[in-house]
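Here's the structure we're looking at; comments come further down.
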Amino acid sequence: MFPAIVLAVPLVLSGCAGDASALDPAGPDARAIARLWWVMFYASIVLFALVMGLFALVMLKPGAGARLPEGRWILWGGLWMPVPVLMALLVVSLVQGEHLLAREGSGDALRVEAHARQWQWEFRYLDAENRPVTVDVLHMPVDRPVEVVTTSEDVIHSLWVPVLGGKIDAVPGHRNRVRLLADKTGNFGGLCAEYCGTGHTNMRFRVLVHEPEAFRALLERGFVE
Amino acid sequence: MTQTRGGQSLRLHRQLSAIWGTGPGFARLAAVNHSVIGKRFMATAAIFFAIGGLLGMLIRTQLASSESPFMEEGLYAQVFTMHGTIMMFLFAIPMLEGLAIYLLPKLLGARDLAFPRLTAYGYWCYLFGGTMLLAALAFGVAPDSGWFMYTPLSSRVFSPGINADVWLLGITFVEISALSAAVEILVSILKLRAPGMSLARMPIFGWYMLVTAGMMVVGFPPLILGSILLELERAFDLPFFDPARGGDPLLWQHLFWLFGHPEVYIIFLPAAGAISTFLPVFAGRPLAGYRAVVVALIAMGFLSLGLWVHHMYLVGIPHLALSFFSAASALVAIPTAVQIFAWLATLSHGRPRFSLPMLYFFGFLFIFVIGGLTGVMVAMVPFDIQAHDSHFVVAHLHYVLVGGFVFPVLGAAYYWVPHMTGRMPVNHLAKPAFWMIFVGFNVTFFIMHLTGLRGMPRRAHLYPAEPGLEWFNFISSVGSFVMAIGFGLLLLDFALHFRFGRAFRRNPWQARTLEWAMPTPPPPYAFASLPHVEVRADTLHPDRIGAELAAGQGYLGFVREGRMETLAVEAIGGRVEQVVELPRPSYLPLFTALATGVFFMAMLFKVYVVAALAPLLVVALFLRWTVGRGRRSDSGPEDVGRGVSVPSHFESRSAPSIWAMMFALIADATLFASLVFGGLFLWISAPGWPTPVMPQPDGIATLAMLAVAGLGCLSAWRSIPSGGAGRLAPLAFTVILHAGTMIFFAWSAAAIADPTEHAAAATVFFALCYAALHAAIGLVFAGYGLWRAATGWVSSVRLLDLRIGLLFHLYAFAAAAITLAFWWLMATLGGTGIPA
Ligand code: HEM
Ligand SMILES: [Cu+2]
Ligand SMILES: [Cu+2]
């Protein structure tokens, strides 16, 4: 019974979502982050229950906790409990972050420049001869990393594709890099995460993930249908 | 016996009230008393909380459905920006300042804070600055770039109206009150305690506020510098943040979060301090792990200054650097856990009783633990990639701020409002109000974790009409209305309390701290005589002590020449050291704040002539504060009762104002250090460096100026020990050297052809102006010293004015030398690249 509930929670909480949910990943990076989230989520429930349980104990059963000397309470609860948890978490996220945020491009990645302006995304495909541009639509092949370099023409924007687990700011005067990797074809939502003025809400874009051949064909035609 | 003791108490009460009281009618505007100003701070902050809460409700109304036509995007931007700004700057910080101002002297056994007029000045600055922001909201020109005002969005190009100026100037105006309160709190805690109260015997709230105020002194200057730089960019086109001219928008983010992260702990710590004060009372035993908590606090203070980059994981900083900040952010959980377990340990070893403050402690624990856990989550770089700038973060920050501040403060209100009114809570509405707030809060904000992960960005007024988002947002909005009704009930409950609360005689909670050892509501002088503390000051017996003190059996249980006197102790050990004579009520704080306001308004409306003259008026008014303060003759040790005699603070080497000067200079130096950091940061990070438009310093002039700075230090130093008229010469010489320094730097700044051409020139220009300004202020200090010495307020014993001046002179000349070094550094680096 209990495992069933535990397994059902993620389904309920992430169900019924649109095409831009971080809990509904369409790529290995986003999936890894979602996994990290669920692990932290359950660990948090345990820690939260522990603290609140102790509080209930000391309030409702006076004297029950008095057998443990004060110093122990503080040492165990304040040091021995959090330190290992935090250490483990830090190591995991360090390794995972190193993998996700590897800033130098990998060899076979497709290179795309995302140029942001109020309030529009312009994607330029650097690997094609004539460097075609699409506006507010990012085409990409499935199963092949795409290295997106963000730049901005005016204010700070932030490129976010929740289902692929990628987010990076587009800062004027800087070039930032993010790697997107999809392992499902489909039509997903992308958006601007950093407030950038009155058009911020509508600064959304689509991410279309194609089969490799279909993508190559589109790229060659410069994305004109 | 009791008869005569009662009569004596009454007589003493009459005498003290006559000199400590605030007058009626208009004289209220002259109030400087900490009880009065503390309550004003808290009441004003409560009103801002209501306004901010109303704006929060408008946000939730807009977000109740996906395509809501309620607000258009421009208005929505003003609403969320003002909501965040009001809550952080006009509610949370002033509320904690008010609490500290009201409580600290009473907890520490002093009659008032160290600088009552400064308290009042801070209050007026807060009120006027806050009013500026509200007026802008009423006229529809409120700031609209988000509460952290990221530039270039907040630059002149993308925010051409006065909206952003209102924020930069209004908030800087309000920050004057934060800084002055911080300095005042630090000095009062370190000096104005009851005799015998060593730091180790201090009630724990004193430690919390000591750490908090210390963080404020170094936390606010980066923001103030950032605001000045951004305002200079907007008003005069100095390109500190413009990437096209060697600036960098990321500099703003660093300066803002250098302040912004400590700010969160600045808000949390006093609230936690309130808990650590009232929880032991309801546990029926002193706080467990007092030392562990103190160590945890200090650790938290230091750690929190090294976390700011966790707000900037996605701006393009290398992962290795991020990991460092990520680890530091996670580590902050440890001192927090130490405190939580110290509270649990206290309860487990006591006989806990449930009561209203404890109910709010429960609410705090429940909500804040969740906020802390999600805080650890967002500190993890991979997870933050998804959560950053989404509603997950909105949920997290409300769990931390509402859980970690609003709930403890409401608990504290139920605990201490009886102290202010002399009445007990009525208890009918309090519980329903609590549960509505608690349940409403969780419904509103817990769901936002989910909407955030489902891809809902913050600061968006519409969202896709997906059933998931739509339902979740709707439920969240319903929750916020439940919470709002709860706050309505709470208000009603307090109204009933004021009207119908049952009066009590003394110490209704059986507390063991000094603030209850006085009549309630407290008389303006707080203690009729000051206690001698021989044990930890949260294990006292206020009922017994209170009666003794009222009868004048402590220190200073008399009125001398109509003076307002309290005691200062040696900072660490708590030995009596000096008797401090406090200033009387005065309209000057109000006038000075008004003059300060003229400056800010003139800047806002770009009337730069007035803006240039107003500071002169402010300086003149501040000089007016000193008229008549001090002594014309040496008085030597004075009797303070209980057979002890100590010198007056005018004759002390460690008078409170000397400490205040030191802390003010630390804040000033932090601002300057932030500038130096900014210059180096631009060189490393901004596009457009190295640059040929780097102003070059002149070798000979630099050497000459260094010699002047050295001489300046020397001559300022010489003015202290020499007796009699001999000190006039070094003082006059100091005046001349400051004047020379000022001219040198003003001339150097003017010699920069065009500071708007490149951030390199602008940064150097700013540093030169900074040095010139300090020389100008030094000139005032030296001139003031000369005037005081010439008119007989100074002797070889009464050296306070000169000692304060000396500190400033040393700093100003050091700043001049560092400015020169900075200029050389920038000139050398600015012409070369970063070593690859
Ligand atoms: C009446 C209770 C409150 C409600 C209903 C509420 C609601 C909200 C909502 C919905 C947002 C997100 C706006 C958006 O991103 O579009 C928000 C932002 C914010 N809230 Fe609250 N809030 C409340 C109380 C507080 C309190 C007590 C504080 C602080 C002490 C606070 C501080 C903030 C801050 C700093 C932001 C960020 C503003 C920005 O993005 O510029 N709020 N609030
Ligand atoms: Cu945006
Ligand atoms: Cu932070």
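Values reported hereafter were calculated over all heavy atoms of this structure, with side chains retained and with hydrogens, waters and symmetry mates removed.
Across all their heavy atoms, A:W160 and B:G455 have their closest contact at CH2-CA, 3.7 Å. B:S348 approaches A:W73 most closely through the heavy-atom pair OG-NE1, 3.2 Å. When all heavy atoms of B:P382 and A:L36 are compared, the pair lying nearest together is CB-CD2, 4.1 Å. Residues B:P457 and A:A193 share a closest heavy-atom pair of CB-CA, 4.5 Å. Across every non-hydrogen atom of A:V171 and B:P249, the tightest pair is CG1-CG, 4.1 Å. In this structure, B:Q386 and A:A30 approach most closely via the heavy-atom pair NE2-CB, 4.2 Å.
Using a distance-only test at 3.5 Å, with no hydrogens or angles considered, a donor-acceptor pair links the side chain of A:K167 to the main chain of B:H388. At least one donor-acceptor pair under 3.5 Å links the side chain of B:H349 to the backbone N or O of A:L68.
For B:F282, no part sits under 4.5 Å from any heavy atom of chain A, backbone or side chain. For a residue to count as touching a neighbouring chain, one of its non-hydrogen atoms must lie under 4.5 Å from one of that chain's; by this rule B:R291 does not touch chain A. Of the atoms belonging to B:A387, it is backbone heavy atoms, and not side-chain ones, that fall under 4.5 Å from chain A. The parts of B:A330 that come within reach of chain A are both its backbone and its side chain, each placing non-hydrogen atoms under 4.5 angstrom from that chain. For a residue to count as touching a neighbouring chain, one of its non-hydrogen atoms must lie under 4.5 Å from one of that chain's; by this rule A:M203 does not touch chain B. Interface residue B:T151: only backbone heavy atoms are found under 4.5 Å from chain A. Contacts between A:D169 and chain B at a heavy-atom distance below 4.5 Å involve backbone atoms as well as side-chain atoms. In this structure, chain A has a heavy atom under 4.5 Å from the side chain of B:F80, while its backbone stays farther away. With a 4.5 Å cut-off on non-hydrogen atoms, B:D248 touches chain A through its side chain but not through its backbone. Looking at A:I156, both its backbone and its side chain come within 4.5 Å of chain B, counting heavy atoms on both sides. Only the side chain of B:F158 comes within contact range of chain A, with at least one heavy atom under 4.5 Å from a heavy atom of that chain. Residue B:H449 does not touch chain A at all, counting heavy-atom pairs closer than 4.5 Å. With a 4.5 angstrom heavy-atom cutoff, B:F368 does not touch chain A via any of its atoms. If you measure heavy-atom distances from B:Q253 to chain A, the contacts under 4.5 Å come from the side chain alone.
Side chain to side chain, B:H319 and A:E98 meet the donor-acceptor criterion of an N or O pair below 3.5 Å.
To the nearest 0.5 angstrom, A:M40 atom CE is 10.0 Å from B:T374 atom OG1. Put simply, CD1 on B:I340 and CD1 on A:I74 are 12.5 Å apart, with the number rounded to the nearest 0.5 Å. With values rounded to the nearest 0.5 angstrom, B:Y76 atom OH is found 14.0 Å from A:T198 atom OG1. Atom-to-atom distance recorded for B:R459:CZ and A:C192:SG is 11.0 Å, nearest 0.5 angstrom. Atom-to-atom distance recorded for B:E466:CD and A:S21:OG is 8.5 Å, nearest 0.5 angstrom. Rounding to the nearest 0.5 Å places CG of A:D24 at 12.0 Å from CG of B:L453.
Between chain B and the options A:S158, A:G173, A:P82, A:A66, heavy-atom pairs under 4.5 Å are most frequent for A:A66. Chain B forms the most heavy-atom pairs under 4.5 Å with one residue out of A:L94, A:V161, A:N202, and that residue is A:L94. Among the candidates B:T346, B:V369, B:T451, B:I334, the residue making the largest number of heavy-atom pairs closer than 4.5 Å to chain A is B:I334. Interface summary for chain A: among B:P243, B:S159, B:G350, the most heavy-atom pairs under 4.5 angstrom belong to B:P243. Ranked by heavy-atom pairs under 4.5 Å with chain A, the first of B:M312, B:M380, B:E73 is B:M380. Heavy-atom pairs under 4.5 Å with chain A were tallied for B:L153, B:I370, B:L250, B:L331; the largest tally goes to B:L153. Your options are A:M87, A:R204, A:H174, and the one with the most heavy-atom pairs under 4.5 Å with chain B is A:H174. In terms of heavy-atom pairs under 4.5 angstrom with chain A, the leader among B:F366, B:W471, B:Y150 is B:F366. With respect to chain B, the highest number of heavy-atom pairs below 4.5 Å among A:P69, A:S152, A:A34 belongs to A:P69. Of the residues considered (A:P162, A:A170, A:A43, A:G71), A:P162 shows the highest number of contacts with chain B, using heavy-atom pairs under 4.5 Å. Your options are B:S390, B:A292, B:A288, and the one with the most heavy-atom pairs under 4.5 Å with chain A is B:A288.
Taking 4.0 Å as the cut-off between side-chain N and carboxylate O, B:R458 and A:E194 do not count as a salt-bridged pair.
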For residues 47-63 of chain A, tabulate all N or O donor-acceptor pairs below 3.5 Å that involve a side-chain atom, not counting sequence neighbours.
none

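For A:R72, the CZ atom is loosely surrounded, since the number of other residues' heavy atoms within 6.0 Å does not exceed 12.
In this structure, the side chains of B:H461 and A:H200 stay at 4.5 Å or more apart for every pair of heavy atoms. By the 4.5 Å heavy-atom criterion applied to side chains, B:L450 and A:L23 are counted as neighbours. You'll find the side chain of B:S145 stays beyond 4.5 Å of the side chain of A:Y195, heavy atoms only.
When the heavy atoms of residues 110-121 of chain A are compared with those of chain B, the residues falling under 4.5 Å are A:Q118, listed by number.
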